[in-house]
2 protein chains.
Amino acid sequence: MKTTDENQPLAGAQDADGARRSDRTRAAILRAARERFAEHGFERTTIRAVAADADIDPSMVMRYFGTKERLFDAALDIDLRLPDLTAVPLADLPELLVRHFLDRWESDPPDDGLLVLLRSAVTNERAAQRTREMFAAQVAPAVTEVLPPRAAARIGLVSAQLLGLALTRYLLRMPAVTELTKEEIVATLAPAIARTLGV
Amino acid sequence: MKTTDENQPLAGAQDADGARRSDRTRAAILRAARERFAEHGFERTTIRAVAADADIDPSMVMRYFGTKERLFDAALDIDLRLPDLTAVPLADLPELLVRHFLDRWESDPPDDGLLVLLRSAVTNERAAQRTREMFAAQVAPAVTEVLPPRAAARIGLVSAQLLGLALTRYLLRMPAVTELTKEEIVATLAPAIARTLGV
DNA sequence: CCCTGAAGTCAACAGGTGTTGGCCCACGGG
DNA sequence: CCCGTGGGCCAACACCTGTTGACTTCAGGG
């Protein structure tokens, strides 16, 4: 679902890796943008701040991405990287899900992608729609394939539980949640999700 | 925890109800502010828009609340209205919690209070702190009183699940969650929360 | 009646925003 | 050597924001 367009097929000054100069600054802008969007959301992130982080002029951001919204779209182009679920026994699914998302959220270096989406989707309709699309394109199909229909109908509430975890732990930073270790969360949330699915 | 200060003790033009003129416009401002904050969050809500909704001049908002942040604080002064939990049997607690919050969120006319808080807390540190305080002041004490210690330690994850429901249903509006009826949600989420608590 | 103080209006300021267009520099191929 | 082009910078525009202060209305008590 990558929308990154590899245009400019004409030859230009190329790096040793075959990467153009512009590709590196483009990547620098994107990295800075993801970080800012993840921490402050769409409205509070300014083009000027992103540019400063990437050590370039604000107008360069416009040159590369055209508009703040298109920069945002580019930053939202993420992949949940859900593992292949057809191989795992049904009974292991809940724990695998909880562990997978905890690992992604707490990876080091942090992979801001999901937090960008979540933080922004709450106040930005464009991001909200992206979230719904991502769910429909990546989560729903992967899960309905391996679940009995009755359980698949509850996948919405499973998402609610997982997103609620991200919300309280990483965005609201509620002590009652941040105090828990990864293992404690897995141990108590996985059974709850199993119960939600009825498996 | 009401921070509303009833100053201006001097007599003034009073209404039949004993309410000053200013009290009515103050209330109108607050109502408009809550609506805007609930729908668009802190950053996207402008003083001018609130004033327009309340049919007054923007400078009046400043006169009454001093600052946008103080208006925000006033709008955040909410009460979860948790029922007395000491009376209910432990086994009924999960269903009661789910039902209580669903009822509050879907009350008609809508009571924006909780949505203001949730929508804003994600991008506004001040609101996030308020949320943590509200949790610590209202949820934690009411629940730890009636729960065995082992279950009380998991109240954070219960909040995560309830807030996750609000997030996906009212803010992100994910079809897989909005499609469910209130009763369906109660029927599948309450057992999951019971499992989380281990009761 | 006037006159005081509260309630409300108007116009402006100062700062920050996304966005634009003109200019400059480096550099590699002719 | 020139010079065209891609990459980058600077300064400005137009707009919107929170906020302020001076002015007007208006009701009611002396």
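Letters go in sequence order (proteins before strands), and every chain restarts at 1.
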Going by the rule side chain to side chain donor-acceptor pair (under 3.5 Å), which residues pair with [X] if we only count those two or more places apart in sequence or in a different chain?
X         : value
Thr196(B) : Gln161(B)
Asp53(B)  : Arg36(B)
Arg81(B)  : Asp111(B)
Ser59(A)  : Asp57(A)

What is the separation between atom [atom1] on [X] and atom [atom2] on [N], rounded to the nearest whole Å?
X        : N       : atom1 : atom2 : answer
Arg36(B) : dG18(D) : CZ    : P     : 12 Å
Met60(A) : dC10(D) : CE    : P     : 11 Å
Glu69(B) : dT17(D) : CD    : P     : 17 Å
Ile29(A) : dG8(D)  : CD1   : C1'   : 11 Å

Minimum-distance nucleotide (side-chain atoms of Met62(B) versus dT19(D), dT19(C), dG8(C)):
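Looking only at heavy atoms from C-beta outward on Met62(B), the closest nucleotide is dT19(D).
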Residue Tyr64(B), side-chain heavy atoms: nucleotide from dT19(D), dG8(C), dT19(C) that is nearest:
dG8(C)
Residue pairs passing the side-chain hydrogen bond (donor to acceptor under 3.5 Å, both in side chains) test where at least one lies in residues 142-159 of chain B, sequence neighbours excluded:
none
Hey, does Phe65(A) reach any base, or is it just sugar-phosphate, or nothing, if we go heavy atoms under 4.0 Å?
nothing
Is the terminal nitrogen or CZ of Arg44(B) (NZ for Lys, CZ for Arg) located under 6.0 angstrom from the six-membered ring centre of Phe42(A) and within 45° of that ring's axis?
no
With 3.5 Å as the limit, what N/O pairs link the protein to nucleotides 11-17 of chain C?
none

